[in-house]
Structure formats: structure tokens, C-alpha cells
2 protein chains.
Amino acid sequence: MSIDGQLPPKARLLRAAAELLAKSGGAPVSTRQITKLAEVTAPTLYHHFGDKEGLFDAVVAAGFEEYVAGERDFAPSGQPLEDIRRMWDNHVQFGLNQPELYLVMFGNIRPESRPAIVADAEGLMEEMLNKAAAAGQINVPPREAARSILAANVGVTLMLIAEPATERNLELSTLTRDAMIFAVSTDQAPGAGADSGRSSVVVAAIALNAALQASNPDQLSSSELKLFLEWLHRISSSNT
Amino acid sequence: MSIDGQLPPKARLLRAAAELLAKSGGAPVSTRQITKLAEVTAPTLYHHFGDKEGLFDAVVAAGFEEYVAGERDFAPSGQPLEDIRRMWDNHVQFGLNQPELYLVMFGNIRPESRPAIVADAEGLMEEMLNKAAAAGQINVPPREAARSILAANVGVTLMLIAEPATERNLELSTLTRDAMIFAVSTDQAPGAGADSGRSSVVVAAIALNAALQASNPDQLSSSELKLFLEWLHRISSSNT
DNA sequence: CTAGCACCTATAGCGTTGCTATATGAACTG
DNA sequence: CAGTTCATATAGCAACGCTATAGGTGCTAG
């Protein structure tokens with residue numbers, strides 16, 4: 001029930017914080033609990049981490065490593081959309097496995113201040129969507145698609161966490177997941193919906209844009225390329 | 001800067017709490033601030049509301065009335081899916097207009113304990129989806145569809161709130177909204193597009209070129225387009 | 001070997017938090 | 001008028017995040 005006394009105080013604080021955060025069941029964790037478990041006094045905490053949030057950030061950073069590792073560890077199946085599916089599922093699973101940590105990472109939102117974690121997660125998702133875009137499987141700019149999918153992913157995970165564990169129905173996740181992926185993918189026939197106007201021009205422009213990000217061609221000078229990309233963006237951002 | 005002294009203490013507490021919550025910009029609001037603004041002492045608060053959370057719940061209940069009123073106030077257009085769109089937009093707008101209240105209502109999540117508000121919002125959404133289902137426009141059970149859409153709606157709203165107001169891009173909302181609605185609606189056909197993953201800058205450029213031949217975009221002027229096509233040709237003619 | 005210095009940790013305590021035991025006043029009820 | 005109930009106030013507790021200050025430790029320089 002205590003922390004290995006051999007470790008340096010900083011590491012003991014990190015472990016104690018992580019342990020209490022994991023076991024607290026969502027209840028707030030006090031610095032006094034942490035320092036007591038770490039067998040350390042208050043100023044030590046503030047010396048190493050500045051304040052409570054600094055300590056939590058450090059814990060989150062560790063948790064994020066774990067999260068990112070999970071998001072990267074499966075072999076890229078060669079089917080980007082399938083990889084995005086697994087990314088989604090991994091995200092949800094991470095949230096359900098470590099709800100308190102997840103809430104600190106994605107749930108502790110304040111207006112006008114986005115935690116860095118969210119931006120990183122966005123980048124991760126965007127990276128994957130770039131591959132899909134390069135393969136012409138996406139009909140929306142990768143950045144927007146990534147933000148959209150991630151927002152839905154977070155929303156679903158939060159909703160699942162808020163539910164009693166016995167009632168949790170992962171169908172909510174798969175349904176929403178496939179809905180989002182389906183909606184941004186080109187792998188659909190033009191229905192009568194508003195998306196039908198999203199012509200193949202836009203799709204091709206998005207794909208080319210993504211491909212160019214991966215490898216700059218030497219057929220254009222840098223100034224030409226700059227203007228070229230601008231026009232490309234203008235085309236791929238059109239909504240009609 | 002103070003609360004109408006004519007009102008009974010209970011109402012004054014409610015107003016003070018709402019006012020401080022709205023102005024706090026996400027920072028925690030203390031009971032002492034509230035009671036001071038309401039010109040009342042601490043026990044009065046606890047006599048009427050039990051505890052701080054009880055007071056906030058009461059504030060939220062009032063906010064929820066406003067929210068529900070907004071969700072109901074537009075005439076049912078006869079097109080359930082269109083109504084759901086407006087419901088979504090109204091939800092987002094409510095969140096952006098009163099971010100602090102919204103965060104108390106939808107963001108203050110703890111594991112295994114779902115705020116009643118969420119259940120109510122779910123019911124509202126489900127109600128609307130029932131109409132869509134009755135019209136044969138839904139290919140998913142209304143309850144699941146409602147939960148799924150609401151989860152995405154909340155996720156998007158939270159993400160928008162977390163962003164600096166200047167960077168907020170409502171396209172994220174409309175994109176996700178239409179994606180979700182499109183995915184649960186019957187108004188779609190199974191896809192046939194099978195452009196496999198063998199893409200590159202050249203392939204994408206060729207595809208874009210072909211697409212542009214079919215329909216010229218109006219985002220570029222004719223002179224821009226001419227140069228654009230020339231560069232495109234240069235890229236797609238390369239051998240790499 | 002010692003002086004000095006930077007680093008790390010502890011003692012003690014400040015100001016604020018949510019909340020309450022107790023008491024007092026007012027208003028209705030028998 | 002006595003009794004009860006409701007509503008508010010006085011005063012204060014325990015816990016919170018945090019810090020001013022000081023003391024101990026290990027290093028390097030002379």
C-alpha cells in the first residue's frame with residue numbers, strides 16, 4: 001500500500017499520483033494524499049512539479065506515451081481506413097481501461113484552453129488520414145476529417161465512461177465509428193444527399209494534396225509549389 | 001453588480017450562482033462568492049440546496065429549460081432529418097453561448113455516474129429520431145442513433161469550446177453533423193468505388209487532371225486554371 | 001581538509017475552500 | 001398565548017493548494 005522507498009522522491013511522487021488517480025474512481029485527489037503515499041512533504045512536490053497541475057501533467061504525459069504506443073503498435077494493415085478503425089477502438093479501450101486518466105487527458109476541458117494532448121491526438125489521427133487521402137479514400141481534407149473523427153471518438157468515449165459499467169454497450173462506439181469513417185470516405189455511391197456535389201475533382205485534389213505532403217516534387221520550384229498548393233487548397237475546400 | 005434585494009434568498013442564490021458561473025470563464029466558483037453576491041450567509045445556501053452541487057444542479061435545471069425550449073421552439077419542418085440538423089446546431093450554439101453552463105451540464109463527467117441532463121437530452125434526440133424512423137428515413141434503431149448522434153454532438157461542442165474563440169471553425173460541426181445524419185439515414189447506396197491504395201503524387205495528379213477536364217471549378221480564374229493545369233501536367237509527366 | 005555553493009527536502013503556517021453545530025428570529029397553528 | 005416549524009445568522013472545523021523560510025546533503029575549488 002506504499003511506494004517503493006528506494007526510488008527518488010520525484011519518481012515516488014509520480015507513482016503515488018498515478019496510483020491514487022487510478023484508484024480514486026473520479027473523486028478529486030489531494031496533494032496531501034499524494035505526498036503522504038509518496039512519503040514526502042509538500043514542498044518537494046512543488047519543487048519538482050511547480051504545482052498540482054504540473055504533477056498531473058507529468059502523469060498524463062506518461063499515460064499519453066502509453067496511449068500513443070497503443071495507437072502506433074499495430075502493423076499498418078495497408079488499409080488506412082481499417083487502421084483508423086483500430087485507432088478508434090484503441091482510443092475507446094484506453095478510455096474505458098483508465099477512465100480517470102482519460103478524464104484528466106480529454107475530459108478536463110476549460111473554455112479557450114485546449115490541452116496539448118488533444119492537439120497531439122489530432123496529429124496522430126491526421127497522420128493516418130493523410131495515408132487514406134493519399135490513397136484517394138477520403139473526400140474531406142485530412143485535417144478536418146481528423147478533427148471530426150476525433151471529436152466523435154472523444155464524445156463516444158466520454159459517454160461510455162459516464163455509463164454504469166454493466167450497461168456499457170460498445171455498439172454505440174462501432175456504430176458511431178463506422179458512421180464517421182463512412183461519411184468521410186469516398187467508398188460510397190453518390191446518394192441524393194448533400195454530399196453528391198462533392199465531385200471527383202475535390203476528391204482528386206485532396207488526394208494529390210496529401211501525396212504532395214509526403215514527397216515534394218522537384219518539377220516545380222518552391223515558389224511555384226507554394227502557389228500551386230494554395231490553389232489546390234482552394235479547390236479541395238470548396239463545399240458546393 | 002449585485003442581486004435584486006427584493007427577491008427571496010433562494011432566488012437570489014440561484015441568480016448569483018448563474019451570474020458568477022457565466023462570468024467566471026471556467027474558473028471554479030466558490031460558495032463564498034455566491035453567498036456574498038446574493039447577500040446571504042452560508043447556511044442559507046445549504047438549507048435550500050443541500051450542498052454546492054445541489055445549487056449547481058438547480059442552476060443547470062434552469063439552463064436546461066432554456067436548452068429544451070431552444071430544442072423545441074422551431075416548427076417541426078416536416079422533414080425530421082432537417083429538424084435533427086437544427087437540433088444539432090442549436091445544441092452547439094447553446095454550448096458556445098454558455099460554455100461554463102454547458103461544461104457543468106455535459107462536461108462534468110465522472111465515471112459510472114451520468115448526469116440526468118444527458119439522459120434527458122438523449123430522450124429529446126430520440127423523440128425526433130422516432131419521427132424519422134416512422135418516415136422510414138432511418139436504418140438504425142432510433143435509440144442507438146440518438147445516443148450516437150448525441151455523443152458526436154457533445155464531442156464536437158466540447159472540442160469547439162476548448163478552442164480559442166478566434167479559431168473556432170463551425171465547419172467541424174457541420175461536417176460531423178452531416179456525417180452522422182448521413183450514416184444513419186437510409187438515403188444512401190452501397191459504395192462501389194474501389195480505387196485501391198496504389199496511389200502517389202503522379203496518380204493523384206492524373207486523377208485530378210482527368211476530373212478537371214470533366215468539370216472546371218469556379219474557385220480558380222481561367223488564367224489561374226491554365227497555369228495550374230500546366231503545373232499539374234508537369235507533375236504527372238514525371239517519371240518518379 | 002575545508003569553504004563555498006547548488007540542490008533538495010522539511011517545519012510550520014497562510015489563506016481559502018465546502019460545510020455544519022448551534023442559536024435566533026419570524027410566522028403560522030393549536 | 002404556547003408550541004411548532006421554517007428560515008437565517010454567528011462562529012468555526014477540517015481539508016485544501018500552496019509557500020516563506022531554513023536546514024541538510026553532496027559536490028567542487030582552493
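Only this structure's heavy atoms are used, side chains among them; waters, hydrogens and symmetry mates stay out. In what follows, chains carry the letters A, B, and so on, assigned in the order in which the sequence lines appear, proteins first and then strands, with residues in each chain numbered from 1.
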From CD (B:Gln137) to CD1 (B:Ile84), nearest 0.5 Å: 8.5 Å
Heavy-atom side-chain contact between B:Asn97 and B:Tyr102 under 4.5 Å: no
Rounded interatomic separation in angstrom, taking NE2 from B:His48 and P from C:dC19: 16 Å
pair A:Leu129-A:Ile149: side-chain heavy atoms closer than 4.5 Å: yes
Rounded distance in Å - CG (B:Leu45) to P (C:dT20): 11 Å
Which nucleotide in C:dG18, C:dC8, C:dT17 has an atom nearest any side-chain atom of B:Tyr46: C:dG18
For atom CD of A:Glu39 and atom C1' of C:dA10, their distance in whole Å: 15 Å
Exceeds 12 heavy-atom contacts within 6.0 angstrom, atom CD of A:Glu82: yes
B:Val184 side chain reached by B:Ser148 side chain, heavy atoms, under 4.5 Å: no
Student check: side-chain heavy atoms of A:Leu150 and A:Leu124 closer than 4.5 Å: no
Side-chain heavy atoms of A:Met87 within contact of A:Asn153, under 4.5 Å: no
Between C:dA10 (P) and A:Lys36 (NZ): distance, integer Å: 16 Å
Under the ring-ring contact (aromatic ring centres under 6.0 Å, His included) test, residues paired with B:Phe94 that sit two or more places apart: B:Tyr67
5' priority, DNA chain C, between A:Arg32 and A:Thr41 [closest heavy atom]: A:Thr41
A:Arg143 atom CZ, over 12 foreign heavy atoms within 6.0 Å: no
Donor-acceptor pair, side chain of B:Lys131 and main chain of B:Gln79, under 3.5 angstrom: no
Between C:dG15 (P) and B:Gln33 (CD): distance, integer Å: 18 Å
Strand contacts (DNA chain D) in residues 50-59 of chain A, 4.0 angstrom heavy-atom criterion: A:Asp51, A:Lys52
Test side chain to side chain contact (heavy atoms under 4.5 Å, CB included) applied to A:Glu171 - qualifying residues, sequence neighbours left out: A:Asn169, A:Thr174
Between protein and nucleic acid, restricted to nucleotides 22-28 of chain C and to nitrogen or oxygen atoms under 3.5 Å apart, what atom pairs and distances do you find?
none

Segment of DNA chain D, first to last nucleotide, that comes within the 4.0 Å heavy-atom reach of chain B: D:dA7 to D:dG12
A:His47 vs C:dT9: side-chain N/O to OP1/OP2 distance below 4.0 Å: no
Nearest-nucleotide comparison on DNA chain D, the residue closer to the 5′ end among A:Val29 and B:Ala42: B:Ala42
Proximity to the side chain of B:Thr31 - top-ranked nucleotide from C:dG13, C:dG18, C:dT9: C:dG18
Touch class at under 4.0 angstrom, heavy-atom based, for B:Pro28 against every strand present: nothing
Residue list, side chain to side chain contact (heavy atoms under 4.5 Å, CB included) with B:Gln98, at least two apart or on another chain: B:Glu66, B:Leu101
Sugar-phosphate only, base, or nothing, as touched by A:Ser30 at under 4.0 Å among non-hydrogen atoms: sugar-phosphate
